[in-house]
Number of protein chains: 2
Amino acid sequence: MTVTIKDVAKEAGVATSTVSRTLKDSPLISETTKIKVRAAMAKLGYTPNFAAQNLANKSTRTIGVILPVATMGNPAQNPLFLEMIQEIGVVCNEKKYMISLATGKTLDELKDSVRLMHQRKLVDGFILLYSEANDPIRKFLHEGKIPYVLVGKPDIYENETLYIDNDNRLTGKNATEWLLQNGHTQIGYIGLTPSQLVDKLRYEGYRDALLEADLEVFPELSFETSADFEGFQTFITENKPTGLVVADDRLALQVREYLQQQHLRVPEDISLISFNNSVFATLSHPFLTTVDIHVKELAKQAAMLIIHYLQEPETLMSKVIVPHEVVERETVKKMNQNA
Amino acid sequence: MTVTIKDVAKEAGVATSTVSRTLKDSPLISETTKIKVRAAMAKLGYTPNFAAQNLANKSTRTIGVILPVATMGNPAQNPLFLEMIQEIGVVCNEKKYMISLATGKTLDELKDSVRLMHQRKLVDGFILLYSEANDPIRKFLHEGKIPYVLVGKPDIYENETLYIDNDNRLTGKNATEWLLQNGHTQIGYIGLTPSQLVDKLRYEGYRDALLEADLEVFPELSFETSADFEGFQTFITENKPTGLVVADDRLALQVREYLQQQHLRVPEDISLISFNNSVFATLSHPFLTTVDIHVKELAKQAAMLIIHYLQEPETLMSKVIVPHEVVERETVKKMNQNA
DNA sequence: ATGAAAGCGCTAACAA
DNA sequence: TTGTTAGCGCTTTCAT
């Protein structure tokens, strides 16, 4: 049989409560007995039973990590998520928390999974790894007053939610400015699906930068349907951009690919700056000049924030903004200033 | 307060044991009372408490998923892992199991995490998502007689472990044969770190194919240190291979990149066939001809196997081999047969 | 077919 | 400073 607190108590010749207190290093217990008890624990190889603790405590030291469903920007394809999970793992290991995972093929499945985890008291709180507009999962969390932190920008309830994010608007602005500083003046923007808030904000940042520089702002371009491609083509021939801000590294790879097919060289003919600094950035030349958003830091902060919040729920709803930086590589050409 | 089994019992006017039995749809309870009890549950919005069930049952319906540590072929970079996790999630949702994650920056940290999960009875069993030679984690699992299934080939205890794998040797052979069938006769092999068993097996498959065809077998090449590059260079100039079997898609991308730098065109001058059919295969042209190993299937089978095993531990230690197939794309050139 | 009651392993209020 | 004991919510044996 497994060794329980009773066995330890008997072995040490004390009461179970003494053992329990020793476990949490309570100041009520004298050092001498603590030592005695610890010896007994070591001798018997005792480890507290989680379920029993949870039951008595009404707290599981585990946090639920919610992955996006496969349909929205398939996470299986996006290395950022695993990186975040790993980082959350590191923080959790440190703080002796456990990670439970919520995934699903559909939003309903995901919601069921989240609901189950919560109702059955499997987790104390959640980390929502993505941010979408009108997300039913977030709605559920919010309405159930379930503790969670959001990685990304909240579309609603902004003042009532804990979140971690970059300053995405600034991120978009800085990327654009990078192009500006390199002498580009005709700059386009290629985005992802518009339901992602990030995208919207980055575009706004792009606009801010160009407006400030008194340059022409172009509408957001897409790169999915064949209509998009035609639109892109037209944009290129009509406006002859020398620089493109692209919402994501992977997308930038596609864009680079497409341009090369059209015999437009990157960066000689068109420069590219993208976001995330993911694996994709350094896969093949020209390596991508990209904005590093420090995903690991994002994840780490998220984990620390939720754990902190669970321990002291009275804390004010704080948000933390993680800085970003441009990583210069090979897709931005320095234009001849006096050309 | 949360609604417990007692509340339901009171509401339905029965004993708690009756409610408990209704929960598991026990044949001991009459349909009529079941209906009554279910109505009460629905009315109160009852959900059983996991911790309490675990405590009474000595079983958590959760399985631990073990990710490799960051040092070995950094998983954060490898999209396969997330894909597997997602797939495991699907199976778990279906079977009402939960997923707990074990990660770590170092092997020690990872082992601690695994040990904790097990000792504190947080999980019933594990899925080990990777297979390395002399893996201390696996040793721990094996020696502790902890239920687990391995994704990949076991280096030891082969007959005493549940595992899911491809026939990796065949995989290597088929890849090589693909090149052979396309008229290639000078074929090299580029591998990953040799501690990975997969790699070793694929190389053996490569050798098998060439031996059978009576062609020259070259030693396994690496692609990491600068010495490796020199070795590769020498290999190219001395042997003038027309085809290369590359252990992984991502690696193939690097190889393709390198070759292009050397003004060797893929596939016109050198053909490439790799493994995994991951995101990397279709990122940029020429798209990779690659062996699809059906990771999702691997993960799915792993989840089903461990769950099955947990429910019926008497089952014989089975292994399941998932089939593979070559996905033809753009990196293998059909050689002129009558050249 | 149903109920009463004794655990499962741990915590914490209360007593000493 | 330490012990006694009543839960935490559920399962299951043993009665009935």
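Labels below follow one simple rule: chain letters A, B, ... track the order of the sequence lines, proteins then strands, and each chain is numbered from 1.
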Note to self: For A:D108 and A:K111: C-alpha separation, side-chain torsions, deciding distance, then whether salt bridge (Lys or Arg N to Asp or Glu O under 4.0 Å) applies.
What the structure shows: CA-CA 5 Å; A:D108 283 337; A:K111 192 156 116 195; 5.4 Å; no
For [X] and [N], what is the distance between atoms [atom1] and [atom2] respectively, to the nearest whole Å?
X	N	atom1	atom2	answer
A:I29	D:dT2	CD1	C1'	6 Å
B:I35	C:dT2	CD1	C1'	17 Å
B:L23	D:dT12	CG	P	11 Å
B:I5	D:dT12	CD1	P	11 Å

Notebook entry, point to check: Quick one: on DNA chain C, does B:T32 or B:A56 contact a more 5' nucleotide (nearest heavy atom)?
Noted result: B:T32
Note to self: Salt bridge or not between B:D7 and B:K10? Use side-chain N to carboxylate O under 4.0 Å.
What the structure shows: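 Judged by the 4.0 Å cut-off on N to carboxylate O distance, B:D7 and B:K10 do not form a salt bridge.
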Notebook entry, point to check: Between A:E158 and A:K153, is there a side-chain N and carboxylate O pair less than 4.0 Å apart?
Noted result: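 A:K153 and A:E158: salt-bridged.
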N/O (side chain, [X]) to phosphate O (OP1/OP2, [N]) under 4.0 Å:
X	N	result
A:S20	C:dA12	no
B:K58	C:dG9	yes
A:K6	C:dG9	no

Margin query: Checking B:R38 against B:D25 for the salt bridge (Lys or Arg N to Asp or Glu O under 4.0 Å) test, could you report, in this order, the C-alpha distance in whole Å, the side-chain angles of both residues, the deciding distance, and whether it holds?
Written below: CA-CA 10 Å; B:R38 290 208 183 100; B:D25 205 13; 3.1 Å; yes
Check: Should the heavy atoms of other residues, nucleotides or ligands under 6.0 Å from CG of A:N134 be counted, would the total exceed 12?
Finding: no
Note to self: Does atom NZ (A:K34) have a neighbourhood of more than 12 heavy atoms from anything else shown, all under 6.0 Å?
What the structure shows: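 Buried by this count: over 12 neighbours within 6.0 Å.
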Margin query: I want to verify a distance call: between C:dC10, C:dT2, D:dG9, whose nearest atom is closest to the B:T2 side chain?
Written below: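 Nearest nucleotide to the side chain: D:dG9.
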Next item on the list: For DNA chain D, find the residues of residues 41-54 of chain A with a heavy-atom distance under 4.0 Å and give them by number; none if there aren't any.
Entry: none
Note to self: By the 4.0 Å heavy-atom rule, please label A:S30 as base, sugar-phosphate, or nothing.
What the structure shows: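 Answer is sugar-phosphate: A:S30 comes under 4.0 Å of backbone atoms only.
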Item checked: By side-chain contact (heavy atoms from CB on, under 4.5 Å) - contacts of B:H142 (at least two apart) -> B:Y148, B:Y157, B:E160
Next item on the list: Would you check, one step at a time, whether the test side chain to side chain donor-acceptor pair (under 3.5 Å) holds for A:D124 with A:Y97?
Entry: CA-CA 10 Å; A:D124 295 341; A:Y97 264 73; 4.7 Å; no
Check: the helix from C:dA1-D:dT16 to C:dA16-D:dT1: angle between its terminal axes, five pairs each, to 10°?
Finding: 40°
Checklist line | Partners passing salt bridge (charged side-chain N to carboxylate O under 4.0 Å, His left out) against A:R21 (at least two apart in sequence or in another chain) | finding: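 A:R21 satisfies salt bridge (charged side-chain N to carboxylate O under 4.0 Å, His left out) with no residue once adjacent residues are dropped.
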Margin query: For B:K319, give me all partners under salt bridge (charged side-chain N to carboxylate O under 4.0 Å, His left out), at least two apart in sequence or on another chain.
Written below: none
Next item on the list: Any chance you could lay out the side-chain contact (heavy atoms from CB on, under 4.5 Å) test for A:E109 and A:T106, step after step, and finish with the verdict?
Entry: CA-CA 5 Å; A:E109 198 180 317; A:T106 65; 3.3 Å; yes
Do any N or O atoms of the protein come closer than 3.5 Å to N or O atoms of nucleotides 3-6 of chain D, and which pairs are they?
unit_1, atom_1, unit_2, atom_2, d
D:dG3, OP2, A:A15, N, 3.0
D:dG3, OP2, A:T18, OG1, 2.5
D:dG3, N7, A:S17, OG, 3.2
D:dG3, O6, A:R21, NH1, 3.3
D:dG3, O6, A:R21, NH2, 2.8
D:dT4, O4, A:S17, OG, 3.1

